[in-house]
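Convention: sequence-line order gives letters A, B, ...; per-chain numbering from 1.
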Protein chains: 4
Amino acid sequence: MPKLSQEMKDLLTEEMRKRILTAGEKILLRDGLDEFTMEKLAHEAGTAAGTIYNYFDNKETIIDAIMENSFQRLLQTTAGIAAKPQPAESMLRELAEFMLEDFKRVRRLHEAIMQRHPPISREKMRTGHRKLIDGVSQIIRQGRNNGEFNTDDMVLAASAFLGIIREMQFDPCGLFEHKTSRELADAAVAICRSGILGRGREK
Amino acid sequence: MPKLSQEMKDLLTEEMRKRILTAGEKILLRDGLDEFTMEKLAHEAGTAAGTIYNYFDNKETIIDAIMENSFQRLLQTTAGIAAKPQPAESMLRELAEFMLEDFKRVRRLHEAIMQRHPPISREKMRTGHRKLIDGVSQIIRQGRNNGEFNTDDMVLAASAFLGIIREMQFDPCGLFEHKTSRELADAAVAICRSGILGRGREK
Amino acid sequence: MPKLSQEMKDLLTEEMRKRILTAGEKILLRDGLDEFTMEKLAHEAGTAAGTIYNYFDNKETIIDAIMENSFQRLLQTTAGIAAKPQPAESMLRELAEFMLEDFKRVRRLHEAIMQRHPPISREKMRTGHRKLIDGVSQIIRQGRNNGEFNTDDMVLAASAFLGIIREMQFDPCGLFEHKTSRELADAAVAICRSGILGRGREK
Amino acid sequence: MPKLSQEMKDLLTEEMRKRILTAGEKILLRDGLDEFTMEKLAHEAGTAAGTIYNYFDNKETIIDAIMENSFQRLLQTTAGIAAKPQPAESMLRELAEFMLEDFKRVRRLHEAIMQRHPPISREKMRTGHRKLIDGVSQIIRQGRNNGEFNTDDMVLAASAFLGIIREMQFDPCGLFEHKTSRELADAAVAICRSGILGRGREK
DNA sequence: TATGAATGAGGCTTCATTCAT
DNA sequence: CATGAATGAAGCCTCATTCAT
């Protein structure tokens, strides 16, 4: 009984943590960081404010965890994509599409979180971003080893790729609203391949 | 007297508004939005907290105005660059450099401001961004008219360009710290020209 | 079975009460009243917070009981000392030493408890103190009956004696840190005998 | 104007600080530290909670200041008494009376404050107590120089004196309620002179 | 119009106590 | 009876905004 009960308890605890984080993400997405209050979080999670402190030390920890989760999802997907046997270009396309899709969901979350200094630990942001850059760099490196690409600065390339995607999903004016993630991903990869300026002068 | 005095008054008022906005920008740059308090703003502007409310309705309005200013500068620079007789590629390079230089200065400002929901009106953000996209689109269009470029989706191209720049200046991990704005601008334009992936397969 | 089981139960209950009080005293001594939380108490007592409420009505009751215990010990010792056949002065010396020794141990406890209004019932404090005064008065009365002392206001004398001791053990500046309880007890008794001012003018 | 106005402002500020401290002392006296809330303090001082923070950094600072004030009064009186040309014994009597009188007023204040660790800085307590001991020691030293007293341990003597007084004013059972401060002071000094035990054995 | 003290709503967090299991 | 998560009242403190001078 103690063993099983312990496992049970852990499970419930984990469940509750997830519930809180999910609620938090929802608020961040819907209302932004400025309206992320513990009271609101509790309400959204269906508990009392005090209860949350049984699962997290304080507000900052929660924001951190949400951010961490979000990066985790992204990094795992990146790793998964990089592991499949396929041309690097396909990888980038797939990743772009996932990011556009995921970021459509998480757009406001990242918007809300990213540039906030305190109370959000910049460190988490830094390492997360770094890992993401590394993941994309790996893909591009594979592409070079394949003979697909020819870049020598992987980090620069990865950064540009991410910048293009991020701008697409940031899109505060709704310029790309009518395009599907698929189309945008294709466009992004096309740009990566040939530049944004087309080949006007190559003639 | 009434006429002149009125003009005088307006001038003074305008002067005061500027002083407040300048002070606000300074604080945003130095301390971030979270430490932007009205008291601090008053102190930095050399007045009293109450006085500020004679010139602005509330805090949000001030943040809005600062954001507006920042966009204005950028848009004017963009227009200025676009007006000079030179190849479009040079324009982009010049713009990139300015942005990287300016954003180095203003990084925290944009970091702080962008994507914050209330108390920052999303609307201002939206229109500012839209105008910026338009400005860059114009440059690219000129390039196409020149025969320099070959793109048919100006907006997409402009967006990608901005995304690449923004990612470079966001750079939370300091990947590009050791590079000059000049070098980064060159790299950005190179990417725009040939893609981030080089020409591995063109062989 | 009912009878025995009832006794058994009572015994266990009493055991549990003791365990809780001991744990409480330990916390009070170690951490002070401000850090005396029910959770901590439960942990120290090896049970759960909720369980404690099966043995005590609320936090205040527990603090009360601890205080009561502490006084009990002191009173019993006093009675024990007073029962031994010895000069009253020796009794006072012995009592002083015990108090200084005990209070060294319990300093924080008394520091923490004494004079705290709610949640500590002043009543308990009052009666405890009263009994202590009475105990010391008894000793002094014996001394007078012996011909050792000559006071006619026992209560005043007892109060002064206790005040001297308490001040010695309160000693927030560590004035007496380097003295042993024995030495301090001797000094206290000497003062009781001859006054604090010596006999300068008696010459 | 600026000069005068500045003085005016300082005066008002000082006035407000005093009002807050007075209110705080009143609460401490009446309700104890546990019921000393900022809300209550504000109410008692006739302002809003937020206002208080224009005059003090936080709650602890306020408690500190009240304690400091209380010690100040005591120390100044002590110094004043010690400065008057009179026998040391009269000084002690006068001091005892003041303390009993003042402490009657401040009893609960010291009761409330003294043994609390955080949030009350123990340091302030320590230094205050130390100065008090020193002040009384000075008086006793004068007595010895006069030939009035004969003690060689001033600190011990001062400590005992204070202990006797403190016990008298602590008096949780009301043993001395019917006595005037004058009578108690006399009794205290008598004890200091001849000991608490009278001169039973001197015969 | 300038001032800056006053206001008070609202945020985060703690913890005694309850109660379903 | 034991458990310990849930509760929510209450405490401290901040700060945008108002208003008397």
Side-chain angles (χ1 to χ4, degrees), chain A residues 2 5 8-9 12-13 15-16 34-42 45-62 119, chain B residues 9 12-13 16 34-43 45-63 119, chain C residues 9 12-13 16 34-43 45-63 119, chain D residues 2 5 8-9 12-13 15-16 34-42 45-62 119:
Chain A
S5 143
M8 199 60 185
K9 221 182 294 174
L12 285 176
T13 291
E15 201 49 45
M16 189 60 163
D34 284 318
E35 298 189 16
F36 185 104
T37 70
M38 295 304 281
E39 215 65 44
K40 200 181 230 181
L41 176 58
T47 57
T51 304
I52 296 177
Y53 288 85
N54 288 335
Y55 298 92
F56 295 94
D57 278 350
N58 51 35
K59 189 178 174 176
E60 182 170 358
T61 313
I62 296 171
Chain B
K9 232 185 278 181
L12 285 176
T13 293
M16 189 59 164
D34 285 320
E35 298 187 19
F36 185 103
T37 69
M38 295 304 281
E39 211 68 46
K40 202 183 231 179
L41 176 59
H43 181 78
T47 55
T51 304
I52 295 178
Y53 285 84
N54 290 329
Y55 298 93
F56 294 93
D57 279 350
N58 50 36
K59 189 176 175 178
E60 183 172 357
T61 314
I62 296 171
I63 305 275
Chain C
K9 232 186 274 180
L12 285 177
T13 292
M16 189 59 166
D34 284 320
E35 298 186 20
F36 185 104
T37 69
M38 295 302 281
E39 211 68 46
K40 202 183 231 181
L41 176 58
H43 182 76
T47 53
T51 304
I52 295 178
Y53 286 83
N54 289 329
Y55 298 92
F56 294 94
D57 279 351
N58 51 35
K59 188 176 175 178
E60 182 172 358
T61 313
I62 297 171
I63 307 275
Chain D
S5 142
M8 199 61 183
K9 219 180 299 176
L12 285 176
T13 291
E15 202 49 46
M16 189 59 163
D34 283 319
E35 297 189 17
F36 185 102
T37 70
M38 295 305 281
E39 213 65 43
K40 200 181 229 179
L41 176 59
T47 56
T51 304
I52 295 178
Y53 289 85
N54 289 334
Y55 298 93
F56 294 94
D57 278 351
N58 50 36
K59 188 177 174 178
E60 182 171 358
T61 313
I62 297 173

Check: D/Ile62 and D/Tyr55 side chains under 4.5 Å, non-hydrogen atoms: no
Sequence-distant partners of D/Asn54, side chain to side chain donor-acceptor pair (under 3.5 Å), two or more places apart: none
Touch class at under 4.0 angstrom, heavy-atom based, for C/Thr13 against every strand present: sugar-phosphate
Boundaries of the DNA chain F segment in contact with chain B, non-hydrogen, under 4.0 Å: F/dA16 to F/dT18
Pairing stems for DNA chain E [at least three consecutive pairs; Watson-Crick or G-U; under 3.5 angstrom]: E:2-21 with F:2-21
CD on A/Glu15 to CE on A/Met8, rounded to 0.5 Å: 10.0 Å
Test side chain to side chain donor-acceptor pair (under 3.5 Å) applied to A/Thr37 - qualifying residues, sequence neighbours left out: none
C/Ala49 to C/Ala42 - nearest heavy-atom pair and separation: N-CB, 3.4 Å
Integer-rounded Å distance: E/dT3 C1' and B/Tyr55 OH: 12 Å
Closest approach of C/Tyr53 to C/Asn58 (non-hydrogen atoms, all atoms of both residues): CE2-CA, 4.0 Å
Side-chain donor/acceptor of A/Thr51 to backbone N/O of A/Thr47, under 3.5 Å: no
Contact pattern, 5' to 3', of nucleotides 8-14 of chain E - B, S or - by protein heavy atom under 4.0 Å: B--SSBB
NZ-CG distance between C/Lys9 and C/Leu12, expressed to the nearest 0.5 angstrom: 10.0 Å
Full working for side-chain contact (heavy atoms from CB on, under 4.5 Å) between C/Ile52 and C/Lys59: CA-CA 9 Å; C/Ile52 295 178; C/Lys59 188 176 175 178; over 6 Å; no
